[in-house]
Amino acid sequence: MRDIDAIDDQVAAAAFRRLVRHLRHRHDAQNVDLMGLAGFCRNCLGDWVAEASDGALTREEGRAAVYGMPYAEWKARFQTEANAEQLARMQESVAKNQ
């Protein structure tokens, strides 16, 4: 098995950008569903970008880089109300992150 840290930064950056483009295209994939399945969502990814920037980007700027727009705008345009089942699945999945 190959160590993720051994992957060339240029290759990793290209894969990351492809993931972000995919998530921008698939706005029908709700954050609550991503959290329920994988324990992370677009907000997490944007926060990780901000953290990796060593202070060059704020959380809001990191999220905007992932969303392609301010998070509040994306939320107003695309986010639907989460139901009880989605929220329960998300809580169960996030608990695995600890």
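Computed from heavy atoms alone, side chains included, the values below leave out hydrogens, waters and symmetry copies.
With rounding to the nearest 0.5 Å, the separation of CG in Asn31 from NZ in Lys75 is 10.0 Å. Going from atom CG of Leu19 over to atom NE2 of His22 covers 7.5 Å, rounded to the nearest 0.5 Å. With rounding to the nearest 0.5 Å, the separation of CZ in Arg42 from CZ in Phe78 is 9.5 Å. Separation of atoms NE2 (His27) and NE2 (His25) is listed at 7.5 Å; rounding is to 0.5 Å. Taking CZ from Arg63 and CE from Met69, the interatomic distance works out to 15.0 Å, rounded to the nearest 0.5 Å. For the atom pair CG of Asp33 and OG of Ser93, the computed distance is 11.0 Å after rounding to the nearest 0.5 Å.
Residue Val11 is grouped with residue Ile4 when hydrophobic side chains (ILVMFWY) are merged at heavy-atom distances under 4.5 angstrom, including chains of intermediate members. Hydrophobic clustering of Ile, Leu, Val, Met, Phe, Trp and Tyr side chains at less than 4.5 Å, counting indirect connections, unites Leu34 with Phe40. A continuous path of Ile, Leu, Val, Met, Phe, Trp and Tyr side chains, each step under 4.5 Å between heavy atoms, connects Leu23 with Phe16, placing both in one hydrophobic cluster.
Exactly one residue among Asn43, Leu87, Val94 makes a side chain to side chain contact (heavy atoms under 4.5 Å, CB included) with Met35. That residue is Val94. Shown are Met90, Gln79, Glu81; of these, the side chain to side chain contact (heavy atoms under 4.5 Å, CB included) with Val32 is made only by Met90.
The local environment of CG in Asp8 is crowded, with over 12 non-hydrogen atoms from other residues, nucleotides or ligands closer than 6.0 Å. For Arg21, the CZ atom counts as loosely surrounded, since its 6.0 Å shell holds 12 or fewer non-hydrogen atoms of other residues, nucleotides or ligands.
Note: Trp74 and Tyr71 have parallel aromatic rings, judged against thresholds of 30 and 60 degrees for the angle between ring planes.
A donor-acceptor contact shorter than 3.5 Å links the side chain of Asn97 to the backbone of Gly39. Looking at Glu92, its side chain never comes within 3.5 Å of a backbone N or O of Arg89 through a donor-acceptor pair. A donor-acceptor pair under 3.5 Å links the side-chain atoms of Glu61 to the main chain of Thr58, judged by distance alone.
In this structure, Val66 and Leu45 approach most closely via the heavy-atom pair CG2-C, 4.0 Å.
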